[in-house]
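Below is one structure, written out as structure tokens, with a few remarks after it.
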Amino acid sequence: MSGSPQPLLDARNLTRQFVVRQGQWPRSRKALLRAVDGISLRVMPGRTLGLVGESGCGKSTTGRLLLGLLAPTAGGVQFDGAPLAVAGTAEWRRQRQQMQMVYQDPLGALDRRLTVARQIGEALEIHHPALPPAELAARVAAVSAAVGLQPHHADRYPHELSGGQRQRVVLARALILEPRLLVLDEPISALDVSIQAQVVNLLLDLQETLNLAYVFISHDLKVVRQVSHEVAVMYLGRVVETGDAEMLFRDPRHPYTRALLAAIPVVGRRPPADTLLQGDPPDPIDPPTGCAFRTRCPLATALCADMAPVLRLLPDGRQVACHVTAPDAAALAAA
Ligand SMILES: Nc1ncnc2c1ncn2[C@@H]1O[C@H](COP(=O)(O)OP(=O)(O)OP(=O)(O)O)[C@@H](O)[C@H]1O
Ligand code: SF4
Ligand SMILES: [Mg+2]
């Protein structure tokens with residue numbers, strides 16, 4: 001037996017299509033939108049996978065698929081070596097205790113009528129109705145302290161707290177069931193810049209103390225670099241580059257990854273003109289033939305219009321889907 005650890009989360013060929021209406025009534029017609037198109041992701045225990053890409057590329061849909069909050073059209077997810085159970089079943093509830101979602105907007109995620117202590121303890125009460133009140137209170141107090149809330153916050157209501165404190169309540173509520181994985185969907189983008197670093201540091205501390213795995217979805221590539229061990233870059237529902245975070249940020253290979261990283265503002269440095277991202281992503285209902293990025297890619301060739309590149313494993317361990325920067329023998333022969 002090899003000693004390599006088993007992934008906590010292992011998603012294979014995850015696909016989700018939505019049926020949408022296109023055009024104006026009465027001429028509107030049904031169309032298929034491939035929000036997530038055959039992606040495979042792995043998250044190891046205690047590690048962070050950063051998920052990046054422009055708005056609409058399928059990050060949140062992927063997050064919901066990973067937790068079984070949305071059923072895939074094809075493909076599937078294994079959690080801790082077992083397939084995700086059907087939503088609503090007892091087995092799914094057991095699995096869901098171990099995997100929690102944290103959203104961008106803490107106020108929207110909290111119940112305005114419940115005090116901080118009540119909402120943090122709510123899930124524990126539901127899952128363990130026989131728990132003595134003193135033990136419930138002790139666990140709420142312990143998890144509140146772990147996320148940096150003060151004892152006097154316990155009786156407050158969400159609107160009486162700052163944005164950063166509310167996000168701490170959301171985290172405490174997610175952590176009370178002692179999960180092993182958090183899917184964090186833009187967890188800091190609604191917060192003041194001055195508070196963002198505190199919440200990021202808290203997430204890093206919690207990961208180390210509790211050996212939590214994270215799927216960290218964010219537009220903020222600087223933060224993704226700071227928190228992630230691995231990164232997956234998505235474009236129009238597909239992963240175009242994935243691998244070790246440090247390697248990917250230091251030496252991006254896919255033209256889209258290069259363009260995204262070049263767009264990170266750096267004082268005193270202008271991005272090279274050939275990496276500037278032009279225009280908007282194409283309509284996901286009517287994506288370009290071949291490589292979906294070709295309409296914005298400075299390196300596109302005739303082959304890119306004919307054949308969609310598949311993810312190819314490079315010698316350094318990363319995977320890249322590009323005919324030019326990660327060519328495969330069959331594609332070269334067809335060129
Ligand atoms: N329930 C739905 N019905 C129809 N289309 C949907 C639905 N949910 C998502 N989509 C579409 O799927 C695509 C991916 O959406 P998703 O919200 O996953 O993107 P995202 O990467 O999270 O974007 P953002 O960065 O803006 O949050 C988009 O084109 C979106 O309009
Ligand atoms: S396959 Fe072609 S169009 Fe797509 S990213 Fe590579 S060079 Fe650009
Ligand atoms: Mg989203």
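Counting starts at 1 for both ligands and their atoms, in listed order. Bear in mind that the values here come from a model prediction, so they are computed numbers and not experimental data.
Here is the list of ligand 1 atoms found below 4.0 Å of a heavy atom in P284: 29 (O). Which parts of ligand 2 touch C304 is read off a 4.0 Å heavy-atom cut-off, strictly below it: atoms 1 (S), 2 (Fe), 3 (S), 7 (S). Heavy-atom proximity to C297, at under 4.0 Å, picks out these atoms of ligand 2: 3 (S), 5 (S), 7 (S), 8 (Fe). Every atom of ligand 2 is numbered from 1 in the order shown, and the set under 4.0 Å from a heavy atom of P309 is 1 (S). Within the listing of ligand 1, atoms 17 (O), 18 (O), 20 (P), 22 (O), 27 (O) sit less than 4.0 angstrom from a heavy atom of S60. Residue L299 has at least one heavy-atom neighbour below 4.0 Å for each of these atoms of ligand 2: 7 (S).
A distance-only check finds no donor-acceptor pair linking the side chain of S28 to the backbone of G23 [under 3.5 Å]. The closest donor-acceptor contact from the side chain of K59 to the backbone of G53 lies under 3.5 Å. At least one donor-acceptor pair closer than 3.5 Å links the side chain of E241 to the backbone N or O of H254.
G56 O, 3.7 Å is the protein heavy atom nearest to atom 28 (C) of ligand 1. Counting protein heavy atoms only, atom 9 (C) of ligand 1 is closest to F18 CE1, 3.6 Å.
Taking each of H254, R253, M307 in turn, the one with a heavy atom nearest to atom 5 (S) of ligand 2 proves to be H254. The residue among V20, D185, T61 with a heavy atom at the shortest distance from atom 15 (O) of ligand 1 is T61. Which of S55, P281, G58 comes nearest to atom 24 (P) of ligand 1 through a heavy atom is settled by distance: it is S55.
In this model, a donor atom of one side chain and an acceptor atom of the other lie less than 3.5 Å apart for R294 and T289.
For C322, heavy-atom contacts with ligand 2 shorter than 4.0 Å involve the backbone as well as the side chain.
In this structure, G53 does not count as a contact residue of ligand 1, since none of its heavy atoms falls inside 4.0 Å of the ligand. Remark: distances from the non-hydrogen atoms of H219 to ligand 1 include one below 4.0 Å.
For atom 30 (C) of ligand 1, the nearest protein heavy atom is 4.0 Å or more away.
Contact annotation: C291 places an N, O or S atom under 2.8 Å from atom 4 (Fe) of ligand 2.
Looking at ligand 1, you won't find any N or O of E186 less than 3.5 Å from one of its N or O atoms.
Of the listed residues (N201, N211, L212, L182), just one forms a side chain to side chain contact (heavy atoms under 4.5 Å, CB included) with L206, and that residue is L212.
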